[in-house]
Amino acid sequence: MKKVAVILSILMIFAAALIPSGAAFANSALMEKRSGDNFGLFAVSDDDLSVISEELIFDFRAPYPSRESGPVGQVTAKYNINNAGGKKSALMGFPLMTSLREISSMLNPGVTCNGSAISYDIFYLPDPAIDISELSFEDVLELINNRFMGFGGEKGIFYTIDPMILQKTKELEIEFMLPSASKILYGCYYMVGIADSGGSHSRIKMATGYHPDIGLPSIFVIGEDISDISIKAVDMQGNGFGDGILSELVREEMAIDLYISSYAQSELDGDNAIDYDEARILTIGAIKNFIDGDERILDMSYLGISLFDSARLILLSYTAELEEGQNEVIITYPIINGGFNNHYRPSKYTYSYISSPAKNWKSFGSLTVRIYPSADAPFVIDSSLNMQRQEDGSYVCTISGVPDNNITFVLCASENPRYVRSPNFSPLIIIIMISIFLVIAAFVAGIGYLIARSIKRKKGNVAVQKKKQRV
């Protein structure tokens with residue numbers, strides 16, 4: 001029995017948007033960069049360096065707009081660092097959670113030392129779903145050092161369509177047989193269906209058209225090549241092409257790493273805020289996970305959303321030139337959406353801050369946390385710290401040393417939100433869900449109507465035959 005699955009990218013994107021994500025922030029720590037056989041980033045300590053105080057500010061006020069999944073804004077971390085030795089260069093790492101697109105479109109991170117701006121590098125961790133609740137600074141560096149960096153000389157088969165032919169095409173359907181051990185990456189196809197053949201191959205059916213604004217349709221095969229390719233095309237007038245004008249796809253062997261590099265370059269075209277090499281490494285890791293997993297096909301347009309728009313842990317790496325005595329290091333970066341709980345009315349939004357890197361300093365004095373909530377979520381209703389509300393609506397807490405656990409707090413529009421069993425979806429999400437339901441209901445009703453009409457016709461035919469027999 002054939003099982004047919006239709007994968008619609010828009011539904012995948014919609015489903016991903018319903019999954020809550022927790023925004024996390026972090027603290028600076030010392031590290032060193034080694035080369036040679038032990039290349040990588042490693043946590044270190046320096047007996048001359050200590051933190052006298054840190055002021056941590058979460059600012060959700062205007063001009064930062066709130067979004068469906070929570071208020072957004074800016075984090076500012078101010079460090080008063082004491083250098084008991086002579087002038088020195090200190091390599092520091094600052095892990096934080098944000099999306100690549102957010103960090104480039106809203107506000108780039110800023111790092112200053114004693115009032116002077118300093119440059120930084122960004123390292124992206126490969127897994128966006130990583131659990132940061134128990135993550136240490138050493139864990140972050142190990143994840144970066146162990147990233148999968150490339151496929152070497154391994155190749156795949158790249159299929160595309162002649163652009164001159166595609167310009168004349170209104171609609172294009174492609175069918176082929178995919179070996180059971182092979183996988184495909186595809187782009188710019190709006191419908192993909194899989195029919196299990198029950199043997200060593202599966203029949204794949206794909207549809208596309210001419211969309212110059214989103215790119216050229218492509219298929220990249222990893223493993224044994226596809227076979228039994230058939231192509232059906234109609235021109236802009238709805239007529240079949242005929243005369244074999246589109247009898248085959250353009251085929252070439254291509255290194256997997258080259259395919260990934262071209263993809264990353266096209267995704268980042270014009271976006272200079274995202275480092276190309278790091279984006280390429282991210283893509284390599286994602287495709288390695290796909291190859292090692294159970295899925296057979298991967299929509300590269302959906303992959304781009306996962307890589308560049310989903311929240312993930314990143315590491316800011318910068319070198320501070322510290323004078324003898326006291327120094328001020330300030331880091332600012334955007335807050336992305338908080339982890340939201342829509343089982344409460346109004347919804348609750350949870351934010352976290354990784355404080356464990358602070359334990360790597362020789363000593364850590366005081367920590368002051370300030371929260372400036374947004375106008376539409378003005379209350380801190382829960383926190384791992386004893387936050388005190390001020391007359392201006394902000395919340396403040398000062399402690400000595402480093403908290404035992406990572407800092408968390410919850411924002412809400414009400415001081416006493418009410419728990420409800422049904423999720424508190426927005427009107428837009430409700431409309432989308434109702435629309436999907438109506439489409440499914442209409443489809444089922446249509447099938448029922450066709451079955452009923454077929455039965456009625458059969459009964460009518462039987463009655464006619466009986467009548468003829470009587471005659």
Side-chain angles (χ1 to χ4, degrees), residues 21-45 90-100 103 109 120-156 183 185 222 255-261 263-264 267-268 274-295 298 300 303-304 306-319 333 352-360 406:
S21 62
F25 322 102
N27 213 316
S28 282
L30 295 168
M31 61 184 186
E32 68 178 7
K33 189 173 184 178
R34 301 174 188 170
S35 58
D37 295 335
N38 293 322
F39 171 79
L41 301 171
F42 299 88
V44 296
S45 60
L91 178 63
M92 299 184 186
F94 189 95
L96 60 96
M97 185 78 86
T98 187
S99 73
L100 278 64
I103 214 168
Y120 55 83
D121 295 317
I122 297 180
F123 297 92
Y124 305 125
L125 274 72
D127 187 1
I130 190 170
D131 180 11
I132 65 164
S133 59
E134 302 293 334
L135 205 64
S136 69
F137 185 65
E138 289 79 4
D139 293 334
V140 173
L141 299 185
E142 183 177 359
L143 289 170
I144 292 174
N145 295 336
N146 292 333
R147 294 181 300 178
F148 183 72
M149 302 297 287
F151 291 89
E154 190 174 348
K155 293 184 177 182
K183 303 198 175 192
L185 317 172
I222 299 176
I256 298 177
D257 288 343
L258 177 58
Y259 172 81
I260 292 173
S261 296
Y263 168 79
E267 282 290 311
L268 300 180
I274 300 178
D275 182 80
Y276 164 73
D277 288 332
E278 286 295 310
R280 180 180 57 82
I281 294 172
L282 266 186
T283 308
I284 287 173
I287 291 180
K288 178 67 164 58
N289 291 338
F290 164 69
I291 293 174
D292 293 341
D294 297 327
E295 298 296 326
L298 178 63
M300 296 300 287
L303 177 66
S306 173
L307 288 179
F308 306 122
D309 294 312
S310 299
R312 69 175 60 249
L313 193 61
I314 73 173
L315 180 76
L316 290 183
S317 170
Y318 60 95
T319 300
Y333 61 94
S352 302
Y353 183 91
I354 304 175
S355 57
S356 60
K359 300 176 182 179
N360 292 64
N406 290 334

Closest heavy-atom contact between [X] and [Y]?
X	Y	answer
T283	A264	OG1-CB, 4.3 Å
F123	R147	CD2-NH2, 3.8 Å
I284	G150	CG2-N, 3.7 Å
K183	I291	NZ-O, 3.1 Å

To the closest 0.5 Å, what do you measure between [atom1] ([X]) and [atom2] ([Y])?
X	Y	atom1	atom2	result
E154	D257	CD	CG	9.0 Å
I256	K155	CD1	NZ	11.0 Å
L313	L143	CG	CG	8.0 Å
D139	I144	CG	CD1	11.5 Å

Note, [X] side chain near [Y] side chain (heavy atom, < 4.5 Å):
X	Y	value
I122	L315	no
M300	I260	no
L303	F290	no

Sequence-distant partners of D294, salt bridge (Lys or Arg N to Asp or Glu O under 4.0 Å), two or more places apart
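Residues passing salt bridge (Lys or Arg N to Asp or Glu O under 4.0 Å) with D294: none at all.
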
Is the distance between the ring centroids of Y120 and F94 under 6.0 Å?
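Not under 6.0 Å, so no.
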
Partners passing side-chain contact (heavy atoms from CB on, under 4.5 Å) against K288 (at least two apart in sequence or in another chain):
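side-chain contact (heavy atoms from CB on, under 4.5 Å) check on K288 returns F148, F151, D292.
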
For Y263, ring-ring contact (aromatic ring centres under 6.0 Å, His included) partners two or more places apart
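None.
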
